[in-house]
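Just below is one structure, and these are the notes that go with it.
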Amino acid sequence: FPWPGEAVLEGLPRERRVNIFAHIVQQSADHAVPPPEMTEKAALDYIGKKGDRCMAQFRLVGALGRLLAVVGRPREALLLQREEAEEIAAMGAEGLREVSFPLSAWYRLSGLLRDRSAFDDAEALYRRVSDRGDLGAGKDYVELARAGALARLGQARGADPEATLWRIADDTTRESHLRWSAARHLAAALRREGRLADEETIETTLRDAASWPRAGVDP
């Protein structure tokens, strides 16, 4: 899509303008259009300062973090997602339904980077926000990212991560993309443990799902 002209952007209320930029940055992360270097530079003009951001700016921070992750800068991405999660958590009840986005990314990146310290810090924040209330539908995504990070780190916390991954993968009431993401994490964890027969069962299920006719119905 064409880059919005400055006259168009400047004529919009600040929050709507920043929301548009968050979408542009996410589009760049997903498809490299507009070019990542262009969107990163422009995003920095709208991202605001830590401690003085509106919700739209938090979404922009998250989108920029995802962009940095896919262009090969995961450490910078982790720092941004952590910063966003901590700021939203500090908002109290208002931020409970929004914190799942950066917290999930924080967990996921801590696993990819094999950063146990970052994972433990995410755990501490997760406990704090969970004590304050329900994260809503976002909790499933946090639990998936947490279990995936545990699997990558080779850690076990109680029955996790395997029990959580099985629970999500087997639940046909959940969104299909959430289930199959859990199944992929599970297959990788089983492979690392040398449980190849169990892994093959999961892989077969994934292959069957991938070949299922796309008619809005899951197998």
Closest non-hydrogen atom pair, A183 against A169: N-CB, 4.0 Å
Under 3.5 Å: donor-acceptor pair, side chain of T204, backbone of E200: yes
Connected via hydrophobic side-chain network under 4.5 Å: W106 and V70: no
hydrophobic_cluster_shared for V61 and F21, side chain cutoff 4.5 Å: yes
Non-hydrogen atoms of A118 and L78 that approach each other most closely: CB-CD2, 3.9 Å
Point-to-point distance, once rounded to the nearest 0.5 Å, from CG of L64 to CG of L44: 6.0 Å
Criterion side-chain contact (heavy atoms from CB on, under 4.5 Å) on R128 and L125, from CA distance to verdict: CA-CA 5 Å; R128 291 202 303 274; L125 184 75; 3.0 Å; yes
Beyond-backbone contact of L68 with E40, side-chain heavy atoms, under 4.5 angstrom: yes
R16, CZ: over 12 other non-hydrogen atoms inside 6.0 angstrom: no
L12 reachable from L60 in the ILVMFWY side-chain graph, under 4.5 Å edges: yes
From CA spacing to verdict: side-chain contact (heavy atoms from CB on, under 4.5 Å), I88, V129: CA-CA 10 Å; I88 293 177; V129 296; over 6 Å; no
Side-chain touch N19/M55, heavy atoms, less than 4.5 angstrom: no
Minimum heavy-atom distance between P35 and S28, given as atom pair plus value: C-OG, 3.7 Å
Backbone of L113 reached by a side-chain donor or acceptor of R75 within 3.5 Å: no
Within-4.5 Å side-chain heavy-atom neighbours: L144 and L165: yes
Polar side-chain atom of R152 near backbone of L112 as donor-acceptor pair, under 3.5 Å: no
E203 versus A187, closest heavy-atom pair with distance: OE2-CB, 3.8 Å
Side chain to side chain donor-acceptor pair (under 3.5 Å) contacts touching residues 77-88 (sequence neighbours left out): R53-E83, R53-E87, R82-E86, R82-D121
side-chain contact (heavy atoms from CB on, under 4.5 Å) evaluation trace for T172 with R179: CA-CA 8 Å; T172 58; R179 292 179 60 209; 3.9 Å; yes
With D140, the salt bridge (charged side-chain N to carboxylate O under 4.0 Å, His left out) member among R174, R146, R167: R174
Check: S130 side chain, R127 main-chain N or O, donor-acceptor pair, under 3.5 Å: no
For the student: nearest non-hydrogen atoms of A151 and P161, plus distance: N-CG, 3.8 Å
Shared hydrophobic cluster, L196 / I202 (ILVMFWY, side-chain heavy atoms < 4.5 Å): no
Neighbour count above 12 (heavy atom, 6.0 Å) for D52 CG: no
CA sep, side-chain torsions, deciding dist, call: E143, Y107, side chain to side chain donor-acceptor pair (under 3.5 Å): CA-CA 9 Å; E143 286 290 309; Y107 270 126; over 6 Å; no
Any donor-acceptor pair under 3.5 Å from Q57 side chain to C54 backbone: yes
Residues in side-chain contact (heavy atoms from CB on, under 4.5 Å) contact with Q155, at least two apart in sequence or another chain: R116, F119, L150, L153, R157
same_hphob_cluster(I47, M91) at 4.5 Å side-chain heavy-atom cutoff: no
Hey, can you pull the donor-acceptor pairs under 3.5 Å for the side chains in residues 95-103, sequence neighbours left out?
from, atom 1, to, atom 2, distance (Å)
R97, NE, D134, O, 3.3

Reported CG-to-CD distance for the pair L109 and E76, which is rounded to 0.5 angstrom: 12.0 Å
side-chain contact (heavy atoms from CB on, under 4.5 Å) assessment of L9 paired with Y46: CA-CA 11 Å; L9 290 172; Y46 289 90; 4.0 Å; yes
Exam field: side chain W166 to backbone L186, donor-acceptor pair closer than 3.5 Å: no
Test item: T39 side-chain N/O and P36 main-chain N/O as donor-acceptor pair under 3.5 Å: yes
Least distance between heavy atoms, A77 atom then G65 atom: CB-O, 3.1 Å
CZ-CG distance between R66 and L80, expressed to the nearest 0.5 angstrom: 11.0 Å
Test item: R184 and S181 side chains (from C-beta on) under 4.5 Å apart, heavy atoms: yes
D115 and S117: side chain donor to acceptor below 3.5 Å: no
